[in-house]
Chemist: 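The structure that follows is given in the form of structure tokens.
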Amino acid sequence: MSTLPRVIVLATGGTIAGSASSAASSARYQAATVPVSALLQAVPVLGAVARLEAEQVAQVDSKDMSFGLWKRLSARIDHWAAQPDVAGIVVTHGTDTLEETAMLLHLTLRVEVPVVLTAAMRPSTALSADGPANLLDAIRVAADPQAHGKGVLVVLNQEIHSARDAVKAHTASVGAFVSPSAGPLGFVQDATVRVLRAPLPGPAEPWAMPSSWPLVEIVASYAEPSRLMVDALVAGGARGIVVAAAGNGSVHDTLVAALVDAAEAGVAVVRSSRTGAGHVAVPPYINPAAAAFPTAGDLNPYKARVALGLLLGAEPDLAADAMALQQRLLAI
Ligand code: SIN
């Protein structure tokens with residue numbers, strides 16, 4: 001009987017499971033085609049790192065991520081994490097919306113073992129495909145005691161990030177993932193895993209997974225906006241709107257007027273920043289009307305939307321309580 005740690009690989013698709021007819025292009029390929037069994041077989045050294053078991057939870061391009069798949073993935077993580085000899089769990093995912101799934105798992109999972117998301121920017125058939133090394137690094141991290149108690153992690157390009165912070169910040173680079181305000185937690189260099197610091201602790205208790213996903217959308221503030229989208233969202237029954245505000249959370253007056261009306265109609269409005277890094281001030285220093293809208297701190301609009309959707313899905317009354325909503329968001 002092998003003494004290697006037991007690690008479970010849950011595959012959901014993405015470019016890491018992508019293939020092309022020619023190795024010469026990393027842009028023209030089909031994502032989510034290669035089964036997880038083949039991905040593992042392509043990296044024979046994995047067998048010397050962990051006892052692996054794999055499950056094909058889905059096979060999707062992550063642009064098509066859905067709440068149903070989030071729930072299925074979460075249930076499979078819970079299933080495997082409940083087994084006493086499982087050391088860690090790796091989730092393979094597309095890079096495009098990985099930051100959203102990472103946020104959801106960060107906020108909702110109640111598991112002790114490390115859960116490590118990994119992905120690839122180049123398909124498995126590419127010259128210098130990055131998937132095999134990312135998979136190996138993710139499995140090394142999932143099997144490493146340093147990863148215990150560090151929450152959900154994201155491992156790509158030799159870096160370890162907290163799922164709370166990791167975002168995709170480049171269209172094509174293998175170094176596409178960064179934690180813009182916090183920086184990485186550690187790194188993987190060959191067989192060496194180094195976790196240099198702990199992630200932010202996050203909410204004291206994991207958030208509930210709602211039974212259905214509420215209508216929560218993102219509207220951006222920019223020059224000469226109209227109020228058309230906000231009004232349409234209110235008319236369409238939106239429960240929440242994340243505004244991708246300019247700079248340090250400032251919103252065009254036209255949009256503020258529409259958002260004030262939306263809030264009066266019972267829609268939760270949250271300010272995030274479109275800049276890509278930094279913390280949105282509480283309260284905003286300019287438009288006083290916007291001060292009523294809670295901020296998402298340093299969460300980008302996509303991560304803020306996941307958080308707001310989870311909150312409103314599980315606790316719809318929060319839409320009418322901006323102060324409570326603000327406290328919940330800043331506890332992330
Ligand atoms: C996807 O997100 O599923 C496709 C793109 C990628 O994984 O890089």
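Counting convention: from 1, in listed order, for ligands and their atoms alike.
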Chemist: So Q56 and V36, do their side chains get closer than 4.5 Å, heavy atoms only?
Modeler: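 Sidechains of Q56 and V36: in contact.
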
Chemist: Return each pair, listed once, that meets salt bridge (charged side-chain N to carboxylate O under 4.0 Å, His left out) where at least one residue sits in residues 261-270; pairs must be two or more places apart or across chains.
Modeler: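 For residues 261-270, and leaving out neighbouring residues, the salt bridge (charged side-chain N to carboxylate O under 4.0 Å, His left out) pairs sorted by first residue read R227-D261.
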
Chemist: Decide, yes or no, whether a salt bridge links K63 with D96 under the criterion of side-chain N to carboxylate O below 4.0 Å.
Modeler: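 Judged by the 4.0 Å cut-off on N to carboxylate O distance, K63 and D96 do not form a salt bridge.
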
Chemist: Measure from the side-chain N and O atoms of S221 to the backbone N and O of H252, and report whether any donor-acceptor pair falls under 3.5 Å.
Modeler: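 Here the side-chain-to-backbone pair exists.
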
Chemist: Excluding sequence neighbours, so at least two apart, what forms side-chain hydrogen bond (donor to acceptor under 3.5 Å, both in side chains) with S162?
Modeler: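 Counting only residues at least two positions away or on another chain, S162 forms no side-chain hydrogen bond (donor to acceptor under 3.5 Å, both in side chains).
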
Chemist: For residues 302-329, which residue pairs qualify under salt bridge (charged side-chain N to carboxylate O under 4.0 Å, His left out), counting only residues two or more places apart or in two chains?
Modeler: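 Passing the test, one end in residues 302-329: E315-R328.
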
Chemist: Which protein residues have a heavy atom under 4.0 Å from ligand 1?
Modeler: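 Only G14, T15, Y29, D61, S62, G94, T95, D96, A120 have heavy atoms that fall under 4.0 Å of ligand 1, ordered by chain and number.
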
